[in-house]
Amino acid sequence: MESNKVLNAEGLACPMPVVKAKKEIDNLNAGDILEIHATDKGAASDIPAWTKSSGHELVQQDEENDILKFWIKKA
Amino acid sequence: MAEEEKNGTTMIVFDGDLDKAMASFIIATGAAAMGKQVTMFFTFWGLNVLRKENVQGGSDKKFMEKMFEKIMPRGPEKLSLSKMNFGGMGPKMMKKMMKNHNVSSLQEMIEMAQELDIKMVACTMSMDVMGLKEEELIDGLEYAGVASYLSEAEHSNLNLFI
């Protein structure tokens, strides 16, 4: 899936994936897609929870070789 | 009062233990990432989390205030654990394990909190009681009392005492 920006949060522990995601998405325009890669197991539910609370849209979620991938559309 | 969307997170950081301070800052930075207006109130032992490592409080302190200044931990590197402190070995082991798991240090979390515009407030009453001066605490703090905290808490839908 196409994205406007890829955030590599691999190796980062809680709460850094959501903190970085917030910082990255602030730099994007509404409708842009932020792609996040994370390895923290909690991210599997944390990124969707963050997306919901902050009003953005989780377009797609995937796991590939133990790397969690998320595509988030900025509100 | 008109219906208001509460979007605040307020926390009282009462304890000055490394583990509890870590938990406070993880929740605070997480909440800020979720778009909350976060305010952390530091009172009693929690103030030690905000102390600078190498600053003396000046010579106009009373005897007991000087004693407190000496005995209380100076800043994030000097805090004890609430469990398994083992005379200072516990925190060393905990920091090593945190590093191995790529968890940010407390110092880094505090810097991150400031970057995320988390409001950190030092309770002036407990500063007075323990003889802590503004120059002994890190920069960028606000100084206030219980009414400011309560008024912030009114606009908050998450309120923790740690």
Side-chain angles (χ1 to χ4, degrees), chain A residues 3-59 61 63 65-75, chain B residues 4-11 13 18-40 49 76 93-120 140 155-160 162:
Chain A
S3 57
N4 299 82
K5 172 89 198 177
V6 179
L7 166 64
N8 181 0
E10 289 169 34
L12 296 178
C14 172
M16 293 317 285
V18 289
V19 171
K20 296 261 185 201
K22 145 92 176 151
K23 285 187 160 181
E24 283 300 342
I25 212 153
D26 282 350
N27 296 326
L28 296 179
N29 301 315
D32 283 356
I33 303 280
L34 174 66
E35 181 176 341
I36 304 173
H37 297 180
T39 47
D40 174 31
K41 290 196 175 57
S45 51
D46 271 18
I47 296 285
W50 167 78
T51 313
K52 197 170 164 221
S53 279
S54 43
H56 307 299
E57 187 195 339
L58 180 62
V59 186
Q61 180 171 349
E63 188 174 346
N65 307 325
D66 286 335
I67 296 171
L68 300 160
K69 295 184 177 179
F70 308 87
W71 287 264
I72 288 148
K73 190 175 186 182
K74 179 168 178 172
Chain B
E4 166 211 29
E5 174 119 21
K6 292 184 177 180
N7 196 33
T9 294
T10 43
M11 304 174 68
V13 185
L18 176 66
D19 39 7
K20 294 187 183 180
M22 282 295 306
S24 311
F25 276 94
I26 289 170
I27 298 167
T29 50
M34 289 172 113
K36 304 280 182 192
Q37 300 280 333
V38 186
T39 309
M40 304 173 83
V49 179
M93 292 191 281
M94 178 68 88
K95 281 176 206 163
K96 185 159 180 3
M97 286 155 79
M98 277 164 47
K99 204 169 184 175
N100 291 344
H101 288 275
N102 243 328
V103 176
S104 311
S105 71
L106 180 54
Q107 181 62 47
E108 288 164 344
M109 299 290 305
I110 295 174
E111 284 160 20
M112 182 59 69
Q114 288 186 316
E115 260 177 58
L116 289 166
D117 290 325
I118 289 176
K119 201 200 276 186
M120 294 196 241
H155 306 286
S156 155
N157 52 14
L158 174 66
N159 186 27
L160 299 171
I162 301 180

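Quantities reported herein were computed from a predicted structural model and do not represent experimental measurements. Reminder, nothing fancy here: chain letters follow the sequence lines and each chain counts from 1.
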Trainee: Taking NZ in A:K73 as the centre, count heavy atoms belonging to other residues, nucleotides or ligands within less than 6.0 Å. Is the count above 12?
Mentor: no

Trainee: Need one label for B:S104: side chain, backbone, both or neither, based on atoms under 4.5 Å from any heavy atom in chain A.
Mentor: side chain

Trainee: Would you mind checking which part of A:K23 comes under 4.5 Å of any heavy atom in chain B, side chain (CB onward), backbone (N, CA, C, O), both or neither?
Mentor: side chain

Trainee: As an exercise, state the distance from CZ of B:F25 to CD of B:E108, rounded to the nearest 0.5 Å.
Mentor: 13.0 Å

Trainee: With a 4.5 angstrom heavy-atom cut-off, which part of B:L116 approaches chain A: side chain, backbone, both or neither?
Mentor: side chain

Trainee: What part of B:M98 gets within 4.5 angstrom of chain A, counting heavy atoms only: side chain, backbone, both, or neither?
Mentor: neither

Trainee: Would the number of heavy atoms belonging to other residues, nucleotides or ligands and lying under 6.0 Å from CD of B:Q37 be above 12?
Mentor: no

Trainee: Using the rule side chain to side chain contact (heavy atoms under 4.5 Å, CB included), only one of A:L28, A:N29, A:L34 pairs with A:K74; which is it?
Mentor: A:L28

